Amino acid sequence: MSYHLLQKLSRDLNKIFETKAYYDVIIRVGDNTETKEFQAHSLILRARVPYFHQYLQSDQAKQEYDKIVITNHTISPAIFEIILKYIYTGRLEFFNCVGKQALELLFAADDLGLEEALGQIQEYLIYQQKDWMDKNFYIYHRSIYSRKSFSSLQNHFTTRISSNPLEVFESPESFNPMILSSLDEVGCLKLNENTWGFIVNWAKLQIPTLTTQVTKWNKSDWEEFKQTLSPCIPWKSIMNLNWNEFYDLLISCEPFLPTEKFNEVLLHQLKKECSSNSIIRSPISFQFNETILNICHATLISSWIDKRDTRPYLPADIPYEFRLVIRGRRDGFSPDLFNLKCGNLQKTVVVFKSNKSTAIYGGYNPLDWKFDHATSDSFIFHFDSNVSDLTRLDRFAIQRRTGYGPCFGAEGLLAFPNSKRSILWMSNDNSDSIPISDYEVYQIFEKPKRSNISVSTPSSSSSTYNKSNNNNCYTHKKR
């Protein structure tokens, strides 16, 4: 049986702290405006504080007569007194430690490696210093988010800003584009409907001449709104959204977002989604239910077909229909079957799903499969976790090989080598074959052309914007 008499131990160590008996260390803290010396015991410092344990073993420790001298200019005397008492007793006393001083205590504890104290100090700041932290968060947010050990404080503010930005940005002077950009850069913004609505509405309020009825805005109104909103857009947070979040929040707002930046983010989101197995919610994705391809694959492939490598289509605007011709698990994996059903077809996309991973391999052939072809319009692609590769072909783009299925390039993508249920990717060596679980062939057809009506403003007949219930989203019908 054992007893933990920690309170008695704490009181006894506090006596040593107060009397300074047999001390062998002098600690000088403070800057030029205020300095103070503290006496301590090297054994306790080594045992309790990682910073002092390393310091006392290094060449930094200086000897003055029979005492070891430690100097620290970054911690104030008032803060260090609280910390030194905690080192001896295990108790944090926050008397007269409020506001900025409490935050300085957190940084000092982190610098000294006092992990156990960090949680208690963060809790004190969150619940006991809430008003001061809310008022001054935008001043100190960079420092707070630069420390990995401040996760409780970071999570607290990230959650609050995401759920209700007005709790933190309650006055005009506490919010501006520079502050928002800084919050986004350090990662303390998690974009959702509330946050995005706050940003959009703030931008609208900066233009007193704008009417609340969006349909009455003219071209100059839209341009002014676009320019006002542009510095406020948290692009890093947008990059971190999943596809469903991105689609719901941003796709409809594309007309008043900077074109080049939006295309960059759209391409990133499409590639990211093509490299994952997540389920996509979209009113136009029903065609790709239970298929290897999803709507993001189709959007990216359509963009590549039209050589819009840096200006991808929006999913609703892809000009092609993907008609399924062959499905391996339904029709079989015979090269003869492929040549029979697809030999005369033009504009086909072939995709293969690896049997050993989540990888997808595929290619596009604008011509038929009856003959060898050289074309710069053909390409192959590879999707996997964090991988979205495109390789455009030229010479020997399409090959017809005996005993093979579809073949792209001499060493690009070769299907069913020697009638095996596998593919060769960037190789001509059968030992490098990749087993596949399924494959699909689509023929690509152009959708009926939409009528071309000149567009002068976002509210014209070819683009309509309907205010949503949260006043931040607009339905965009044509890009």
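Because the structure is a prediction, the values reported are computed rather than measured. What you see below is based on every heavy atom in this structure, not just the backbone, and it leaves out hydrogens, waters and symmetry mates.
- Both tests pass for Arg323 against the ring of Phe445: distance under 6.0 Å to the centre and angle within 45° of the axis.
- No hydrogens or angles considered: a donor-acceptor pair under 3.5 Å links the side chains of Tyr124 and Gln129.
- For the pair Arg327 and Tyr439, the cation does not sit on the ring face, since its NZ or CZ is not both under 6.0 Å from the ring centre and inside 45° of the axis.
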Pair Arg392, Asp377 - check salt bridge (Lys or Arg N to Asp or Glu O under 4.0 Å), show working.
CA-CA 7 Å; Arg392 293 196 176 276; Asp377 293 331; over 6 Å; no
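- A salt bridge links Asp111 with Arg147: the closest approach of a Lys/Arg side-chain nitrogen to an acidic carboxylate oxygen falls below 4.0 angstrom.
- Between Trp222 and Phe225, the two ring planes are perpendicular [angle over 60°; tilted spans 30° to 60°].
- Classification of the Trp369-Phe408 ring pair by plane angle, with boundaries at 30° and 60°, yields perpendicular.
- One side chain, Asn192 or Thr195, offers a donor N or O that lies under 3.5 Å from an acceptor on the other.
- Aromatic ring centres of Phe383 and His297 lie closer together than 6.0 Å.
- Side-chain contact of Asp110 with Ser149: a donor-acceptor pair under 3.5 Å is present, judged by distance alone.
- Asp438 has no carboxylate O lying under 4.0 Å from a charged side-chain N of Arg330, or vice versa, which leaves the two without a salt bridge.
- The ring of Tyr361 has its center no closer than 6.0 angstrom to the ring center of Phe381.
- Pairing each heavy atom of Gln269 with each of Ile238, the nearest pair is NE2-O, 2.8 Å.
- Using a cutoff of 4.0 Å between basic side-chain nitrogens and carboxylate oxygens, Asp134 and Lys130 are scored as salt-bridged.
- Between Tyr364 and Tyr442, the distance from one ring center to the other does not fall under 6.0 angstrom.
- In summary, the aromatic rings of Trp132 and Tyr140 are positioned with their centroids under 6.0 Å apart.
- A salt bridge links Lys261 with Glu264: the distance from a Lys NZ or Arg NE/NH1/NH2 to an Asp or Glu carboxylate oxygen falls below 4.0 Å.
- Using a 30° and 60° split on the angle between ring planes, Phe246 and Trp243 fall in the tilted class, from 30° to 60°.
- Side-chain atoms of Ser252 and Tyr247 include no donor-acceptor pair closer than 3.5 Å.
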